[in-house]
Amino acid sequence: DAKTTQPPSMDCAEGRAANLPCNHSTISGNEYVYWYRQIHSQGPQYIIHGLKNNETNEMASLIITEDRKSSTLILPHATLRDTAVYYCIVRGYSTLTFGKGTMLLVSP
Amino acid sequence: DTAVSQTPKYLVTQMGNDKSIKCEQNLGHDTMYWYKQDSKKFLKIMFSYNNKELIINETVPNRFSPKSPDKAHLNLHINSLELGDSAVYFCASSQEVWSGNEQFFGPGTRLTVL
């Protein structure tokens, strides 16, 4: 699976949009981009995934660049409960491989 | 109702003991997994079962033996526990094994080996 690069940490003010970037320059054609998050002491939680089109669900939006080498997870109105480690994972016909992720801290 | 449940939530034991962690999912999924998250917070897959059959074993020591009595359960038995086994163990499930399917994780079992 292609590797991903994420910033180790980010800050966001409550109520503002949180934009979490992810680079995956070696992604191949059949690999999806997945986002999970892990709130402290809990199991990881699925957020969203996509192949090449932008995706939106009740939790977030996923913007994938046209060349698919990078993506951005958008939490439109971050709340304190969104404080977590966010994992960007590129996955084909294989298992999920979690990296270090981005620690997002949402502050009042 | 909890989708993926694990018991116990905490497990403290002595080196050399044998212990089991149980996992159940009520989502009707065909595939279940065990992950280990160590003290550095790296989350790594250990096993995956699809329809009670082992399909992934990520070079886990033989002391770890998963058992799947049915599709809804995947238990993890650990023999001769070592200090390095201390970690949080997460169970997960998904409809299918491969891409396009989200995985649902349990709350985790924190294992401490003294």
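Per chain, numbering begins at 1; letters A, B, ... match sequence-line order.
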Listing, residues 5-13 of chain A side-chain donor-acceptor contacts under 3.5 Å, not counting sequence neighbours, or none:
from	atom 1	to	atom 2	distance (Å)
A/Gln6	OE1	A/Cys88	N	2.9
A/Gln6	NE2	A/Tyr86	O	2.9
A/Gln6	NE2	A/Thr102	OG1	3.4

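- Using a 4.5 Å cut-off between side-chain heavy atoms of Ile, Leu, Val, Met, Phe, Trp and Tyr, with links allowed through other members, A/Met59 and A/Leu20 fall into the same hydrophobic cluster.
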Practice task
Could you go through the side chain to side chain contact (heavy atoms under 4.5 Å, CB included) check for A/Lys100 and B/Phe42 one step at a time?
Solution key: CA-CA 7 Å; A/Lys100 297 181 180 180; B/Phe42 287 114; 3.4 Å; yes

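- Other residues, nucleotides and ligands contribute at most 12 non-hydrogen atoms within 6.0 Å of the CZ atom of A/Arg16.
- Note: the hydrophobic cluster containing B/Phe64 also contains B/Leu54 (ILVMFWY, side chain heavy atoms under 4.5 Å, direct or indirect links).
- A continuous path of ILVMFWY side-chain contacts below 4.5 Å connects A/Leu80 to A/Leu75, so both sit in one hydrophobic cluster.
- With a threshold of 4.5 angstrom between heavy atoms, B/Tyr35 approaches chain A through side-chain atoms but not through N, CA, C or O.
- For B/Ile45, the part sitting under 4.5 Å from any heavy atom of chain A is the side chain, from C-beta outward, and nothing else.
- Under a cut-off of 6.0 angstrom, the local environment of CG in B/Asn62 is sparse, with at most 12 non-hydrogen atoms contributed by other residues, nucleotides or ligands.
- Between A/Gln38 and B/Phe105 there is no side-chain heavy-atom pair separated by less than 4.5 Å.
- The stretch residues 11-20 of chain B places none of its residues near chain A, where near means some heavy atom under 4.5 Å from a heavy atom of that chain.
- Atom NZ of B/Lys71 has more than 12 neighbouring heavy atoms from other residues, nucleotides or ligands inside a 6.0 Å radius.
- Within the 4.5 angstrom heavy-atom criterion, no atom of B/Gln6 approaches chain A.
- Contact check for B/Glu102 versus A/Tyr36: side-chain heavy atoms found under the 4.5 Å cut-off.
- A single hydrophobic cluster is seen to contain both B/Trp34 and B/Leu81, as judged by linkage of ILVMFWY side chains at heavy-atom distances under 4.5 Å, directly or through other members.
- Residue B/Val4 is not grouped with residue B/Ile21 when hydrophobic side chains (ILVMFWY) are merged at heavy-atom distances under 4.5 angstrom, including chains of intermediate members.
- Between B/Phe90 and A/Gly43, the shortest heavy-atom distance links the atoms CE2-CA, 3.2 Å.
- Summarising the geometry, atom CD1 belonging to A/Ile89 is positioned 8.5 Å from atom CD belonging to B/Gln103; distances are rounded to the nearest 0.5 Å.
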